[in-house]
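Just below is one structure, and these are the notes that go with it.
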Amino acid sequence: MGLLGWAARHARPAPWLLAALSQQSGQARSYTQQSEYHLNTVRAESFYDSTVEKYASQTVEVLSLRQMLSFGRNAWNDPEKILKSGRYVQRELPKRLARRLLDLQLLPYIVVTNPHIKKVYNQYYVSFETLRRVPPIRTLEDNQEFSQLLRQHLDSHAPMLDALATGLRECKSKELVGQCLTMDAFFDSMLRSRIRSRISRRVIAEQHLHISNKRPAFIGIICTDLDVADSIDFAVQKTKQVCVETYGVAPDVVVSGDAGVTIPYIPTHLDYMLYELLKNAMRAVVESHRNGGRNGSGAGLPPAKLPPVHVRVCGGCNGTLTFKISDQGGGIGDDLMDKVWSYGFTTIGSRSPPPSASADLSSPSGSASGPDSEVVEGLGSGAHGLGHGLQGLMRPPGEAGSRYQMAGLGFGLPLSRLYARYFGGDLKLQSISGYGVDAYLTLRRLEEQEWQEHVDAPSTL
Ligand code: ADP
Ligand code: K
Ligand code: MG
């Protein structure tokens, strides 16, 4: 069902769409001014044909990671491969964007009229229209232009998860969605499928943008030999920094297990998961030991008195690698064990606020783009490139509040699990109430399995 079907169901035209689309025309033009592609035909009318539906109904070409690795090997030196990779992305992105456009059209009217959701819709539409009109990539020069355009689109989508989460949260808080929908389940599944498809769009786009870079131990954005000890060190250093900024103190981290293990993985994905899990562990330890007890006020304990967080690396067999992150931070109550996996669920604000938090940690309207866009930006844009760029994981300086945020968005656990599962791994928690939490982050060795990206079907087809 396209817009017309949608509008018929809602028994009225969609004025927001008209407004949105006239805005889009302008936005699309501003993109085209920056690129060689002249897309001055992006007009409101274009929405009313069946283009979006047509693209959304096309079969998505799913790549296994093994294919990505074997295809990308030495591609930097092979113009044919680079062009083939560009054509793949050029074919795939419009289909995938079209599917998500259809999802948005299906939202209840009251949700789609939310300004944040409209903004997301606009951005998707502009990208869809722009990318689908790019002329076929025939030469490396074509590819260079396409790559520039791709980069612009990735950048312009970076704040969109924030906007979507804010929009959904506003609707949720006003209880605007029909009673027939279970709120949490609805928002969770909406965010999950969108974030998952966003991860895959960005993985294939970034893989192409980096496929022509010659970089030791990298095939595109995948590090073929990621040293997990380095990843842990890096995440520990960053987490301690933000913990000290927030509480004035941070527990030590003791690392043990299989030293020297390497794994083929996208470094920023692993950085992100370790960072989020370590933040949760450190926050629990500090908050539960304030004044010697859970929920006390004021951090006052020297680090030596805080029980350390343990990270154990288990190389495992069966092609897996597990990180066990253990804290003595008091654990998670049985009543919360399910809730903690909900997008946006946080206990920040329900306890006493952190002592020196300069960020607005208790604000439910904090930025949510962090998790996703931070990760993908770290994949290659900006100064940090593909490296161990936790800097690339951080929100840009100059945003309100602290540069780093210890907790409060409620995205850390569900997003980390989504990232882990994206490549066939998983994240599980074991809690002993009153004692602490063990988090088990399992990664699959990508080269040893025929991993396939998960692609959400268009909900309208
Ligand atoms: P946030 O950290 O922004 O609150 P998360 O999704 O990372 O969001 O975590 C959700 C909630 O789960 C936290 O607010 C906290 O109450 C609980 N939690 C997560 N990890 C731990 C842990 N190691 N110990 C105790 N509670 C935890
Ligand atoms: K959560
Ligand atoms: Mg967290």
Side-chain angles (χ1 to χ4, degrees), residues 61-76 85 195-196 199-200 202-204 206-208 210-211 213 215-236 255-278 310-326 375-376 378-380 386-390 393 413-430 438-455:
E61 289 174 63
V62 174
L63 273 191
S64 76
L65 206 78
R66 191 187 295 194
Q67 282 171 309
M68 269 163 86
L69 281 170
S70 65
F71 176 83
R73 195 157 278 129
N74 296 326
W76 62 271
S85 162
I195 295 171
R196 193 162 43 205
I199 295 173
S200 67
R202 297 188 85 106
V203 165
I204 63 172
E206 295 282 5
Q207 182 65 3
H208 173 61
H210 290 88
I211 205 157
N213 293 352
R215 193 166 173 216
F218 272 85
I219 295 177
I221 54 171
I222 305 160
C223 180
T224 52
D225 246 346
L226 183 59
D227 185 331
V228 299
D230 280 355
S231 301
I232 295 170
D233 279 355
F234 197 74
V236 166
V255 183
S256 61
D258 299 330
V261 177
T262 66
I263 185 169
Y265 217 74
I266 298 177
T268 43
H269 285 200
L270 180 57
D271 289 344
Y272 174 72
M273 295 182 282
L274 291 173
Y275 175 62
E276 288 300 328
L277 293 174
L278 284 167
H310 288 267
V311 179
R312 187 162 184 95
V313 183
C314 309
C317 38
N318 306 330
T320 62
L321 170 63
T322 299
F323 299 84
K324 181 185 176 198
I325 298 167
S326 311
V375 168
V376 280
L379 289 178
L386 282 174
H388 260 232
L390 253 194
L393 294 178
L413 284 176
L415 252 184
S416 296
R417 188 167 70 177
L418 205 56
Y419 271 98
R421 288 182 174 173
Y422 185 75
F423 285 127
D426 208 352
L427 172 60
K428 291 186 173 132
L429 296 182
Q430 191 75 52
D438 290 338
Y440 295 88
L441 171 65
T442 301
L443 308 181
R444 287 216 161 264
R445 302 195 68 91
L446 301 176
E447 79 280 29
E448 288 181 20
Q449 48 133 15
E450 200 48 59
W451 167 87
Q452 287 223 320
E453 61 170 321
H454 177 101
V455 175

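Keep in mind that the numbers below use all heavy atoms, side chains included, and drop hydrogens, waters and symmetry copies.
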Closest heavy-atom pair and its distance - Ser256, Arg312:
OG-NH1, 3.2 Å
Separation of Gln430 CD from Ser326 OG (nearest 0.5 Å)
10.5 Å
Under the side-chain contact (heavy atoms from CB on, under 4.5 Å) rule, what do Val228 and Leu274 come out as? Steps first, then yes or no, please.
CA-CA 10 Å; Val228 299; Leu274 291 173; over 6 Å; no
Polar side-chain atom of Thr442 near backbone of Thr322 as donor-acceptor pair, under 3.5 Å
no
Do Ile222 and Ile266 make a side-chain contact, defined as non-hydrogen atoms from C-beta onward lying under 4.5 Å apart?
yes
Just to verify, what does Asp258 make a side-chain contact (heavy atoms from CB on, under 4.5 Å) with, not counting sequence neighbours?
Val261
Quick one: are Leu277 and Val311 in side-chain contact, heavy atoms under 4.5 Å?
no
Minimum heavy-atom distance Ile219-Leu69, with the two atoms named:
CD1-O, 3.6 Å
Nearest heavy atoms of Ile221 and Glu206, plus distance in Å
CG2-O, 3.7 Å
For the student: nearest non-hydrogen atoms of Arg444 and Gly425, plus distance:
CG-N, 4.0 Å
Hey, do the aromatic rings of His269 and Phe423 have their centres closer than 6.0 Å?
yes
To the nearest 0.5 Å, tell me how far Ile325 CD1 sits from Tyr440 OH.
11.5 Å
Value for CG (Asp271) from CG (Leu226), rounded to nearest 0.5 Å, stands at 7.5 Å
What are the two closest non-hydrogen atoms of Arg421 and Asp426, and how far apart are they?
NE-OD1, 2.9 Å
Rounded distance (nearest 0.5 Å) linking atom CD1 of Ile263 with atom OG1 of Thr224:
12.0 Å
Run the side-chain contact (heavy atoms from CB on, under 4.5 Å) test against Ser416 and tell me which residues pass, sequence neighbours left out.
Tyr272, Met273, Glu276, Leu427
Point-to-point distance, once rounded to the nearest 0.5 Å, from CZ of Phe323 to CG of Leu443:
5.5 Å
Distance check, rounded to the nearest 0.5 Å: Ile204 atom CD1 versus Ile211 atom CD1?
11.5 Å
For the residue pair Phe218 and Pro267, establish whether any side-chain heavy-atom pair is separated by less than 4.5 Å.
yes
For Ala235 and Tyr275, work out which heavy atoms get closest and say how close.
CB-N, 4.0 Å
